[in-house]
Amino acid sequence: MASTGRLVVALTGASGAIYGLRFLNQAARHFQQIYLAVSDQAMQVISTEMDIAVNPRNLSVERLLGRPCDNITLLDRKNYFSPPASGSFRHDGMVIVPCSMGTAARIAGGISDDLVTRAADVCLKERRRLILVVRETPWNLIHLRNMTQLAEAGATILPAAPGFYYRPKTIEELADTIVARILQQLDIEHKVVPQWQFTEKE
Ligand SMILES: Cc1cc2nc3c(=O)[nH]c(=O)nc-3n(C[C@H](O)[C@H](O)[C@H](O)COP(=O)(O)O)c2cc1C
């Protein structure tokens, strides 16, 4: 399928706001237009984990990224007239990063009760890429069953399980091991982390 240059991104209330924000920064360099939805609970987690005080009244792309970004459109997550709520709106896929178990459960159950879950539901029905960067530990049987259900329906389950073999020196570098995997799933060439080269130990 030809690329549309459009991507849908959602931030939800799992731990790992850093993944979402660093991914957004990268994605904005590669996609012409990004449609962004942020759950209320994501704002609480962002405020807890990052040096960003964000709430439904002051939410903006500039506040989230620390700079204006013309090609990211912030969506009202209760507005089902929004483009990603309709299957007729073509895009290259959707990334939910981080993805809470609550959001994963609602998508697995077909409960489209906000724009995040509706847009994800549309991705599955239209056979578009849906990448869920899930985070919880440990996983209970309900989490595991929901993720199996989602994988069977066509979603990619990309756990926020960073790789240490790159020897990351900062939290940002560690987070970027996940950002790189998301970009790879979207067929984006990047230099976020070096491609792994096999070297034999002496
Ligand atoms: C600081 C903080 C961290 C959280 N971390 C997680 C997590 O890692 N995974 C998860 O599934 N829920 C986590 N939660 C709980 C979710 O935020 C909660 O289930 C919420 O209803 C998710 O809503 P949303 O999916 O609409 O964003 C966390 C909550 C807080 C306050």
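Atoms within a ligand are numbered from 1 in the order they appear, just like the ligands themselves.
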Under 3.5 Å, which donor-acceptor pairs link side chains of residues 9-18 to any protein atom two or more places apart or in another chain?
from  : atom 1 : to     : atom 2 : distance (Å)
Thr12 : OG1    : Pro98  : O      : 2.7
Thr12 : OG1    : Ser100 : N      : 2.9
Ser15 : OG     : Glu49  : OE2    : 2.5

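- Checking Asn79 against Ser82 by side-chain atom types alone, no donor-acceptor pair falls below 3.5 Å.
- Of the polar atoms of Gly13, at least one N or O is found under 3.5 Å from an N or O of ligand 1, judged by distance alone.
- Only the side chain of Ser39 comes within contact range of ligand 1, with a heavy atom under 4.0 Å; no backbone atom does.
- Ligand-side atoms of ligand 1 in range of Met101: 10 (C), 11 (O), range being under 4.0 angstrom from any heavy atom.
- With distances taken over non-hydrogen atoms, the option nearest atom 2 (C) of ligand 1 out of Ile96, Val45, Thr48 is Val45.
- In terms of N/O distances under 3.5 Å, ligand 1 is not approached by Asp114.
- Closest protein heavy atom to atom 22 (C) of ligand 1: Ser100 OG, 3.7 Å.
- By the 3.5 Å distance cut-off applied to N or O atoms, Thr12 is not counted among the residues near ligand 1.
- Between Arg77 and Asp40, at least one side-chain N (NZ, or NE/NH1/NH2) sits under 4.0 Å from a carboxylate O, which counts as a salt bridge.
- Contact of the Val116 side chain with the Ile96 side chain is registered, since non-hydrogen atoms from C-beta on lie closer than 4.5 Å.
- Taking all heavy atoms of Glu49, Arg135, Gln41, Gln44 into account, the minimum distance to atom 31 (C) of ligand 1 is reached by Gln41.
- Cluster membership for Val192 and Phe164, using ILVMFWY side-chain heavy atoms within less than 4.5 angstrom, is not shared.
- Electrostatic pairing of Asp92 and Arg129 does not count as a salt bridge here, judged by no charged N lying under 4.0 Å from a carboxylate O.
- Atom 19 (O) of ligand 1 is never approached by the protein to below 4.0 angstrom, counting heavy atoms only.
- Close approach of ligand 1 to Arg106 is summarised as follows: ligand atoms under 4.0 Å from at least one heavy atom of the residue are 24 (P), 25 (O), 26 (O).
- Checked for salt-bridge contact, Arg106 and Asp113 meet the test: a charged N lies under 4.0 Å from a carboxylate O.
- Each of the following atoms of ligand 1 lies closer than 4.0 Å to a heavy atom of Glu136: 7 (C), 9 (N), 10 (C), 11 (O), 12 (N).
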